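These numbers were taken from a predicted model, which means no experiment stands behind them.
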2 protein chains.
Amino acid sequence: MMIDGYVSQTGVGDVDTVARALSMMREASQLERLLDAYFSSHNLSQLKFHILIVIDREPDKDSLRQSEINQRLDVSKPVLHRTVTSLLKSGLLVCRDDPEDSRAHRLALTDEGKTMLAAILPGYFKTISGFMREQP
Amino acid sequence: MMIDGYVSQTGVGDVDTVARALSMMREASQLERLLDAYFSSHNLSQLKFHILIVIDREPDKDSLRQSEINQRLDVSKPVLHRTVTSLLKSGLLVCRDDPEDSRAHRLALTDEGKTMLAAILPGYFKTISGFMREQP
DNA sequence: GGTTATTAGTTATCATGATAACTATAGAGG
DNA sequence: CCTCTATAGTTATCATGATAACTAATAACC
């Protein structure tokens with residue numbers, strides 16, 4: 001919209017690259033909104049979904065510590081804690097004591113959590129595919 | 001990371017498209033973070049910057065109503081109000097009564113606001129160009 | 001010209017992200 | 001063993017986005 005004047009005025013970088021970056025950010029934020037709307041229609045959020053996914057996708061284990069989830073997802077500890085608490089409360093996760101470390105817990109999907117994940121995934125990918133198909 | 005299994009399991013859309021969308025969102029969020037860090041090092045935010053820009057870029061006028069800014073930027077009224085209030089308080093904007101509508105105000109850049117914008121733009125575009133150059 | 005609808009701005013409340021600072025436990029080094 | 005450090009989780013506080021519901025003023029319509 002208003003890129004041209006400024007980039008040429010400031011003489012930093014080239015106009016096309018900046019325009020491409022801005023349009024990428026706009027596209028991404030549109031898709032994020034679609035996904036947020038989709039998740040919230042199932043009483044979830046992107047982060048809640050990602051938490052369920054990383055536990056479900058973990059090879060060899062069926063549970064993860066909060067700190068392990070933290071290593072896999074790019075989110076701060078307090079936000080993860082708050083969100084895990086909410087997932088426990090809504091019954092999608094269960095929490096067991098970690099036998100090897102009394103500070104830690106192991107978080108696992110409940111049957112309800114697995115059902116939710118299975119129910120939500122098709123629409124998730126459909127939302128993404130549909131959006132990408134519409135892009136010019 | 002974990003796309004393959006799921007997309008093929010669910011049979012919705014194609015894997016490459018979904019992977020492309022996810023990587024676009026990741027890229028965009030990285031760039032957003034860089035920009036947020038840049039703005040906050042100048043005591044600004046992306047939204048504050050955009051507000052200054054749309055007022056500065058407006059042809060034929062040197063001020064805008066809040067509602068006009070709202071039409072140009074994709075942000076809710078209360079958030080815009082809160083952010084404009086903060087820009088007024090920090091002296092980058094001034095507020096005058098609108099002679100044609102006693103409900104409205106006209107928001108204009110102060111000299112300090114213009115100076116800030118001029119000071120910040122080169123780094124803004126440099127940040128974007130630099131990021132795009134690094135992308136694989 | 002008086003009712004009704006729209007619009008400009010504001011307030012209250014909530015959601016979801018962050019950092020800083022805390023407690024409690026584990027682990028390492030002497 | 002006893003400190004000292006690092007790690008797991010928690011709490012408090014703040015930033016920045018949203019919606020719903022409000023006030024006051026304008027515009028539209030008999």
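Among residue pairs with one or both ends in residues 33-47 of chain A, those qualifying as salt bridge (Lys or Arg N to Asp or Glu O under 4.0 Å) are A:R33-B:D74; sequence neighbours excluded.
Contact annotation: B:S102 reaches the phosphate of D:dT26 (side-chain N/O to OP1 or OP2, under 4.0 Å).
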Find every protein N or O atom lying less than 3.5 Å from an N or O atom of nucleotides 6-9 of chain D, and list the pairs.
residue : atom : partner : partner atom : Å
D:dT7   : O2   : A:R103  : NH1          : 2.2
D:dG9   : OP1  : A:H105  : N            : 3.1
D:dG9   : OP2  : A:S67   : N            : 2.7
D:dG9   : OP2  : A:S67   : OG           : 3.3
D:dG9   : N7   : A:K77   : NZ           : 3.1
D:dG9   : O6   : A:K77   : NZ           : 3.2

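Residues meeting the ring-ring contact (aromatic ring centres under 6.0 Å, His included) test with B:F39, sequence neighbours left out: B:F49, B:Y124. Residues passing the side chain to side chain contact (heavy atoms under 4.5 Å, CB included) test with A:T17 are A:D14, A:R20, B:M132, sequence neighbours excluded. Considering only residues two or more places apart in sequence or on other chains, B:H42 meets the ring-ring contact (aromatic ring centres under 6.0 Å, His included) condition with B:Y38. Under the side chain to side chain contact (heavy atoms under 4.5 Å, CB included) criterion, B:V75 pairs with B:L47, B:N70, B:L73, B:V79, B:L80, sequence neighbours left out. The side chain to side chain contact (heavy atoms under 4.5 Å, CB included) test applied to A:S23 returns A:R26, not counting sequence neighbours. Under the salt bridge (charged side-chain N to carboxylate O under 4.0 Å, His left out) criterion, B:E58 pairs with B:R72, not counting sequence neighbours.
Closest heavy-atom contact between A:I55 and A:A108: CG2-CA, 4.3 Å.
The CG atom of B:D97 sits 12 Å away from the P atom of D:dA25 (whole-angstrom rounding).
Interface limits on DNA chain C: the 5'-most and 3'-most nucleotides within less than 4.0 Å of chain A heavy atoms are C:dT16 to C:dA26.
If you check every strand for non-hydrogen atoms under 4.0 Å, A:S45 touches sugar and phosphate atoms only.
Of the residues near DNA chain C, A:P78 and A:E100, the one whose nearest nucleotide (by heavy atom distance) lies more toward the 5' end is A:P78.
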